[in-house]
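Below, chain A is the first sequence line, B the second, and so on; all start at residue 1.
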Amino acid sequence: MANEDKMKELDLQVLRHSCSHVLAQAVKRLYPNVKLGIGPAIDTGFYYDFDTETPFTPEDLEKIEAEMKKIVKENLKIERFELPRGEALALMQERDEPYKIELINDLPDDAVISFYKQGEFVDLCAGPHVNYTGKAKAFKLLSATGAYWKGSEKNKMLQRIYATCFANKTDLEEYLVQLEEAKKRDHNKLGRELELFTTSEYIGQGLPIILPKGSRIIQTLQRFVEDEEEKRGYLLTKTPLMAKSDLYKISGHWYHYKENMFIMGDEEKDKEVFALRPMTCPFQFQSYLAAARSYRDLPLRYGETSTLFRNEASGEMHGLIRVRQFTISEGHIACRPDQLEDEFKDCVDLALYMLKSVGLDSDVTYRFSKWDPNNKEKYIGSEEEWDKVQARMKVILDKLGIDYTEADGEAAFYGPKLDIQIKNVHGKEDTLVTIQIDFQLAERFGMEYTDSDGAKKYPYVIHRTSIGCYERTLALLIEKYAGAFPTWLAPVQVKVLSLSDRHNDYVSEIQNKFRENRIRVEIDTRNEKIGYKIREAQLEKVPYMLVVGDKELETGSVSVRSRKDGDKGSMSVDEFMNMILDEIKTRKL
RNA sequence: GCUGGUGUAGCUCAAUAGGUAGAGCAGCUGAUUUGUAAUCAGCAGGUCGCGGGUUCGAGUCCCAUCACCAGCUCCA
């Protein structure tokens, strides 16, 4: 980013932060009893949290926005002042702002305590700010939602108002249009419109029904993944979808993951209690345990297209991105310490190859997810072990030369992770691919191998996905391509359109030929005008439409229309077939 | 799980202040045999998410519940 752009970005942050004060001032004017939380600038604008007895309605937002416009018009001077801790607390006491008092008490002893004042409004704030409220001309309130104080569900839920603000009206308008455009790509809307998936209230929340077209895309991805894993020496397993609680007690899931598991039976009453599997690891470990292992057997790479069940809280489900049942390209690699680096690198290589193949490689970021040393009960293993394995992982990551951020408290309960993150159309980030180093579960399960010196040792286990879970990946692909998938992924690759019913036999002939060559083809021989059929195929986002009439019938050709470029003229059936087969084979994006 | 919003035909949406549901598209039937983004006509389609309640009367008001959406928390 150029220096100038950075400055602009910074200016915008300051402006947005000031705009959040204007919002808070407006709220205090209209609802004096409301208590102030915090109001920072964010990527897309800003928010402010308020403690209020009666949540804000959409009508309230309109009133607040009108009041904000007044404050902007009043063009109040924004002034900074500092107070010693005692006086700062007294001021907030006097203004009856309990959350601000808590914030002051949280500040370190040597902190400078600053306030910003505009007209009658005063807020505890580090700043900086613009100098007059008149600068915040281009803003818009977007939504009101609940948000926990200090982000903890143990605390009271405050009311958050989200808004956006730009340097000028043009930028604001542009952003709002962009928001609307993004909504059109939303997989949850588009995926249903394109008949890729649906949901049923009789089946339940977080349990999407993948329709034939969506299934075809997933199948294409799955075949690709399984073939590639086979090439890379993976061993395929088919393990059960459920197990007795005994298994999860060994793995630790029973103690660290129970609230996310679907458990069948009552521990008090039943002799055996079963649970649907939330992860595949303990199952694939049984495969390792099926024979005595030598150092020569390692690495052992197990792969499985694995369906998992996780009992997510009801409010957490989202389209295909967050569901209760999903299928994932799951894999576990047992390896010796000296193999760890190469195996890890191969996992990253595999994931990147997959992402590149579907065109998502430039949309992801990397996160090194570590444990939280202040929250040890969430994890198994000792501090020394965690430090050691995290240090080793860091070395590997640095050698890979990828640009990653570090995140405390994001590790799995059994080990640190490299998470490949992606943002959806609403800007919300999720994990697409994860590669984890597990230094503990092998020992728990007694997964030994005999080393060259005759000693029994435990291998490292890498838990990894190669393309993430298929539901989520499909969702992101829908959004990436706005439903217009590359030909190799498209559920329908060609649609053959007849001009009139005398051409129907020829259409069927072409259909059969394409099917034999595994080109996904549909035909439209309805008694409709060609323009109508084209419009429909175009809205279904089919990559190629073939128009056939008398001319084509006589010469054994087809008239090709591409979704992207329109009419491409005529060519022979074989010529077209070779072209599209090549496009599919090379996975052209 | 929490906060707020939404729920009328397959889809998109109407229904004045509570008086018994309407349109476009899709579907079906018929006519039209069509040359690159919508041919015309007719027909059919709804226990207004589900369950209670208030009322002479509820799509409209109240309660509960389910699902969907945005956000928080949580996560692949």
> What parts of residues 197-224 of chain A reach RNA chain B, counting only heavy atoms under 4.0 Å away?
Replying inline: A/Glu201, A/Gln205
>> Regarding A/Lys417, tell me which of base, sugar-phosphate or nothing describes its non-hydrogen contacts under 4.0 Å with the strands shown.
In response: sugar-phosphate
> Quick one: stems for RNA chain B, with Watson-Crick or G-U pairs under 3.5 Å, at least three in a row?
Replying inline: B:1-7 with B:66-72, B:10-13 with B:22-25, B:27-31 with B:39-43, B:51-53 with B:61-63
> What residue among A/Arg563, A/Lys568, A/Arg561 forms salt bridge (Lys or Arg N to Asp or Glu O under 4.0 Å) with A/Asp565?
Replying inline: A/Lys568
> With a 4.0 Å cut-off on heavy atoms, is A/Ile530 in touch with a base, just the backbone sugar-phosphate, or nothing at all?
Replying inline: sugar-phosphate
> If you look only at pairs with a residue in residues 522-542 of chain A, which of them pass as a ring-ring contact (aromatic ring centres under 6.0 Å, His included), with sequence neighbours excluded?
Replying inline: none
>> According to ring-ring contact (aromatic ring centres under 6.0 Å, His included), does anything in residues 415-435 of chain A pair up with another residue at least two apart or in another chain? List the pairs.
In response: none
> Can A/Phe413 and A/His253 be said to form a ring-ring contact (aromatic ring centres under 6.0 Å, His included), step by step?
Replying inline: CA-CA 9 Å; A/Phe413 72 82; A/His253 285 90; 5.1 Å; yes
>> With the threshold set at under 4.0 Å for non-hydrogen atoms, list the residues of residues 543-554 of chain A touching RNA chain B in residue-number order.
In response: A/Val547, A/Gly549, A/Asp550, A/Lys551, A/Glu552
> What does A/Gly427 touch in the nucleic acid at a heavy-atom separation under 4.0 angstrom: a base, only the sugar-phosphate, or nothing?
Replying inline: nothing
> Quick one: do A/Arg232 and A/Glu228 make a salt bridge, cutoff under 4.0 Å?
Replying inline: yes
> What pairs with A/Thr220 under side-chain contact (heavy atoms from CB on, under 4.5 Å), at least two apart in sequence or on another chain?
Replying inline: A/Trp488, A/Leu489, A/Arg520
>> Classify A/Leu497 by what it touches in the nucleic acid, base, sugar-phosphate, or nothing, heavy-atom distance under 4.0 Å.
In response: nothing
>> Between A/Phe368 and A/Tyr366, is the ring centroid distance below 6.0 Å?
In response: no
> Does OP1 or OP2 of B/G35 have a side-chain N or O of A/Lys533 closer than 4.0 Å?
Replying inline: no
>> On RNA chain B, compare the nucleotides closest to A/Ala147 and A/Leu320; which residue's is nearer the 5' end?
In response: A/Ala147
> Touch check for A/Ser314, heavy atoms < 4.0 angstrom, all strands: base, sugar-phosphate only, or nothing?
Replying inline: base
> Base, sugar-phosphate alone, or nothing: which one does A/Val433 contact when heavy atoms must sit under 4.0 Å apart?
Replying inline: nothing
Would you tabulate the pairs of protein nitrogen or oxygen atoms and nucleotide nitrogen or oxygen atoms of nucleotides 23-30 of chain B closer than 3.5 angstrom?
| residue | atom | partner | partner atom | Å |
| --- | --- | --- | --- | --- |
| B/A26 | OP1 | A/Tyr532 | OH | 3.0 |

>> Regarding A/Asn260, tell me which of base, sugar-phosphate or nothing describes its non-hydrogen contacts under 4.0 Å with the strands shown.
In response: nothing
> With sugar-phosphate meaning primed atoms plus P, OP1 and OP2, does A/Arg310 contact a base, only sugar-phosphate, or nothing at under 4.0 Å between heavy atoms?
Replying inline: base
Atom pairs under 3.5 Å, N or O on each side, protein against nucleotides 4-6 of chain B: can you list them with distances?
none

> ring-ring contact (aromatic ring centres under 6.0 Å, His included): which pairs involve residues 185-206 of chain A, sequence neighbours left out?
Replying inline: A/His187-A/His318
>> Check this for me: does the side-chain of A/Arg322 come within 3.5 Å of the base of B/C74 through a donor and an acceptor?
In response: yes
> Does anything in residues 348-368 of chain A reach RNA chain B, meaning a heavy atom under 4.0 Å, and if so which residues?
Replying inline: none
>> With a 4.0 Å cutoff (strictly under), does any side-chain N or O of A/His318 reach OP1 or OP2 of B/C68?
In response: no
>> Contact list please: residues 559-570 of chain A against RNA chain B, heavy atoms, distance less than 4.0 Å, in numerical order.
In response: A/Ser559, A/Arg561, A/Asp567
> Which residue, A/Lys156, A/Lys35, A/Lys100, forms the salt bridge (Lys or Arg N to Asp or Glu O under 4.0 Å) with A/Asp51?
Replying inline: A/Lys156
>> Please report the distance, rounded to the nearest Å, between CH2 in A/Trp149 and C1' in B/C72.
In response: 15 Å
> What is the distance, rounded to the nearest whole Å, between atom NZ of A/Lys154 and atom C1' of B/C72?
Replying inline: 15 Å
>> Tell me which pairs pass salt bridge (Lys or Arg N to Asp or Glu O under 4.0 Å) where either residue lies in residues 415-425 of chain A, with sequence neighbours left out.
In response: A/Arg367-A/Asp419, A/Lys417-A/Asp419
>> Just the rounded figure in Å: distance from P of B/A67 to CZ of A/Arg192.
In response: 13 Å
